[in-house]
Undergrad: 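One structure is given below, represented as structure tokens, and several questions about it will come after.
Note that the numbering runs from 1 along the sequence shown for the chain.
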Amino acid sequence: MTNDVVYFNGPVQNGDFTLAERPGKAAGIRLAEALNALLGLAPVPHLWNTATLAGDVRHRRAADRDTVNRQQREEQALVAKYAPGPAPAGGLLTDTGHQAAALALDMTRALLADGTLTVRDLPVRLCARCGHMVGAGTAGDCRSCGHGGSCSARRPLLVFDRTKHGPVLERDDVHAAGARAPIHLLNIARHAPQLLVLSRTRDHGVDLAPIGLDGMVLDPRAGLHIAVLAAADESGAVRPVMTLTENAAANVAAYGAPFRRHRAVRLRYALHGKIPYEAAASDQLYEVHGAQAVRGLFTDWYLPLCAGRERAGVSAARIPALLKFLRRAHLARPATPPGDLLTDLRYRAAAGDMRWVTDARALACALSDRENTSGPLGPTKGAP
């Protein structure tokens, strides 16, 4: 059966960290998992961004670069992200994996055919040593190899002229019923450059040689969107929603504008704030409030949901109050979630209405549903 709304995390950069060390990186993953579970959906893949300049540099500097290739290094880093815990039930999907890369080329060819994208011969500045393409205003050493010199050149580039497209971000692109319009994000998008370059010099990424751009890959800001569409295609979702922070949306929305629609599928954004995990890690916090039993539930489930409501970020000062609220709702949860309340709750979750996370009855219902499908009470009959 084709799903309607399905949440996916905005691909996380596969940097030099683990999720145990930096749980804030998993906020979007956890938010998507919590909402999908409430909607009764099977786990979806965790999405990762591997086409980064930092990854290129890290690989070149590695002592084992002659025995471990770039792709293998990314795979090893992803496995390490989840250690010592289990791999995600829905698997992993990257922005350079087979599904995403094939879809990226298909979409790029179609957008070139209809004129949304074009290939133009444009002036650029290149590093005099490694040929890395740098911006006209870039000062200092090359970010790819560290060389201090650059030269002028011309080369064909994949470009998106947004003057022919209209607004690159509108209120309806944000999946958030009942929330204020993110005016500042709309303004940032409105002031994006008119001509956006979508091809980059990278060692790793979606290779654009098949469309005649040898030595170039698709801009990863566009690739993030295509990775979500590829995951949505695997899940049969026609309304995929990408969780990401407002800062990330400001950086990627304009570049992803041509890639938010594919056939009948339309991608939208679910914005979330950052979580002050340092404030939530105190042993004393849980001892004072007698909340040791809900510690994991608070950090891994409830705080990501709160971040979906508080898009500017969860205040560290509010952590104790949120913990007390969750504990009370947990104690008050019914053995079986009331049918009418659960139906309404799922409707709100599908619409992106996150106000329910601070509604005591709704939260208690969500907790009851969570336990009925995956918690101590065991799965209910027919649950996925």
Undergrad: Do R73 and H59 get their side chains close enough for a donor-acceptor pair, meaning under 3.5 Å?
TA: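 Short answer, yes.
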Undergrad: Grab the two heavy atoms, one from D203 and one from D56, that are nearest each other, plus how far apart they are.
TA: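 Taking D203 first and D56 second, the nearest heavy atoms are N-OD2, 2.8 Å.
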Undergrad: Hey, does the side chain of T343 reach the backbone of G339 with a donor-acceptor pair shorter than 3.5 angstrom?
TA: yes
Undergrad: Taking atom SG of C127 and atom NE2 of H147, what is their separation to the nearest 0.5 Å?
TA: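 Here the rounded value is 5.5 Å.
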Undergrad: Within the structure provided, determine whether R261 and L267 are in side-chain contact (heavy-atom separation under 4.5 Å).
TA: no
Undergrad: I'd like to check L345 versus D369 (side-chain heavy atoms, cut-off strictly below 4.5 Å). Are they in contact?
TA: no
Undergrad: Is the shortest heavy-atom distance from the side chain of F160 to the side chain of Y255 under 4.5 Å?
TA: no
Undergrad: What's the verdict on side chain to side chain donor-acceptor pair (under 3.5 Å) for D95 and T50, showing C-alpha distance, side-chain angles and the deciding distance?
TA: CA-CA 6 Å; D95 56 342; T50 63; 3.0 Å; yes
Undergrad: About how many Å separate NE2 of H175 and CZ of R268, when rounded to the nearest 0.5 Å?
TA: 6.0 Å
Undergrad: Just by distance, do the side chain of R162 and the backbone of P193 share a donor-acceptor pair under 3.5 Å?
TA: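 Yes: the side chain of R162 pairs with the backbone of P193.
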Undergrad: Which value, rounded to the nearest 0.5 Å, describes the distance between K274 atom NZ and N247 atom CG?
TA: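 Taking NZ in K274 and CG in N247, the distance rounds to 6.0 Å.
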Undergrad: Is the Lys NZ or Arg CZ of R30 less than 6.0 Å from the centre of W301's six-membered ring, within 45° of the axis?
TA: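 Verdict for W301: no cation-pi partner in R30.
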Undergrad: Any ion pair linking R355 and D359 (charged N to carboxylate O, less than 4.0 Å)?
TA: no
Undergrad: How far does OH of Y82 sit from CG of L92, to the nearest 0.5 angstrom?
TA: 4.5 Å
Undergrad: Kindly give the heavy-atom pair with the smallest separation between P210 and L105, and that separation in Å.
TA: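 Taking P210 first and L105 second, the nearest heavy atoms are CG-CD1, 4.0 Å.
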Undergrad: Do the side-chain N and O atoms of T243 and H272 include a donor-acceptor pair separated by under 3.5 angstrom?
TA: no
Undergrad: Hey, could you give me the CD/CG distance between E74 and L78, rounded to the nearest 0.5 Å?
TA: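 E74 atom CD to L78 atom CG measures 6.5 Å (nearest 0.5 Å).
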Undergrad: Could you check whether D233 pairs with R263 (Lys NZ or Arg NE/NH1/NH2 to Asp/Glu carboxylate O, under 4.0 Å)?
TA: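 Looking at R263 together with D233, the answer is no, because their closest N to O distance does not fall below 4.0 Å.
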Undergrad: So does D121 pair up with R154, basic N to acidic O under 4.0 Å?
TA: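 Here D121 pairs with R154 in a salt bridge, since their nearest N and O are under 4.0 Å apart.
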Undergrad: Using a 4.5 Å cut-off on heavy atoms from C-beta on, say whether the side chain of H132 contacts that of L126.
TA: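 Contact flag for L126/H132 side chains = no.
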Undergrad: Taking side chain as C-beta onward, heavy atoms only, is R125 less than 4.5 Å from M133?
TA: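 A side-chain contact is absent here, since even the closest heavy-atom pair is not under 4.5 Å.
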Undergrad: Would you confirm whether R60, through its side chain, and S144, through its main-chain N or O, come within 3.5 Å as a donor-acceptor pair?
TA: yes
Undergrad: Looking at L322 and F298, what are the two nearest heavy atoms and their distance?
TA: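 Minimum heavy-atom contact is C-CE1, 3.7 Å.
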Undergrad: Is a salt bridge present between R109 and D114, judged by a nitrogen-to-oxygen distance below 4.0 Å?
TA: no
Undergrad: Is it true that a side-chain atom of S235 and a backbone atom of A237 form a donor plus acceptor pair closer than 3.5 Å?
TA: no
Undergrad: Does any non-hydrogen side-chain atom of L158 lie less than 4.5 Å from one of L213?
TA: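 Counting from C-beta outward, L213 and L158 do come under 4.5 Å.
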Undergrad: Please check if atom NE2 in H184 has more than 12 non-hydrogen atoms from other residues, nucleotides or ligands closer than 6.0 Å.
TA: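 Enclosed.
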Undergrad: Are Y7 and L39 close enough that some pair of their side-chain heavy atoms sits under 4.5 Å apart?
TA: yes
Undergrad: Between F259 and L111, is the side chain to side chain contact (heavy atoms under 4.5 Å, CB included) condition met? List the steps.
TA: CA-CA 9 Å; F259 300 98; L111 291 167; 3.6 Å; yes
Undergrad: For Q292, I'd like to know if atom CD has over 12 heavy atoms of other residues, nucleotides or ligands within 6.0 Å.
TA: yes
Undergrad: Salt bridge check, D16 against R58: does any charged N sit closer than 4.0 Å to a carboxylate O?
TA: no
Undergrad: Check the side chains of Y269 and R260 for a donor-acceptor pair under 3.5 angstrom, ignoring hydrogens and angles.
TA: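 Yes, side-chain donor-acceptor contact under 3.5 Å.
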Undergrad: So, the side chain of D219 versus the backbone of R200: is there a donor-acceptor pair under 3.5 Å, distance only?
TA: no
Undergrad: I'd like to know if the side chain of T96 pairs up with that of H204 as donor and acceptor (distance under 3.5 Å, no hydrogens or angles considered).
TA: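 Note: T96 and H204 side chains meet the donor-acceptor criterion.
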Undergrad: Just do the side chain to side chain donor-acceptor pair (under 3.5 Å) check on Q72 and Q76 with the steps written out, would you?
TA: CA-CA 6 Å; Q72 290 172 326; Q76 291 174 359; 5.8 Å; no
Undergrad: Do the side chains of V294 and H289 get nearer than 4.5 Å, heavy atoms only?
TA: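 No, their side chains stay 4.5 Å or more apart.
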Undergrad: Mind listing the closest non-hydrogen atom pair of G148 and D141 along with its distance?
TA: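 So the two residues come closest at CA-OD1, 3.5 Å.
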Undergrad: Nearest 0.5 Å please: distance from the CZ atom of R318 over to the CG atom of L303.
TA: 10.5 Å
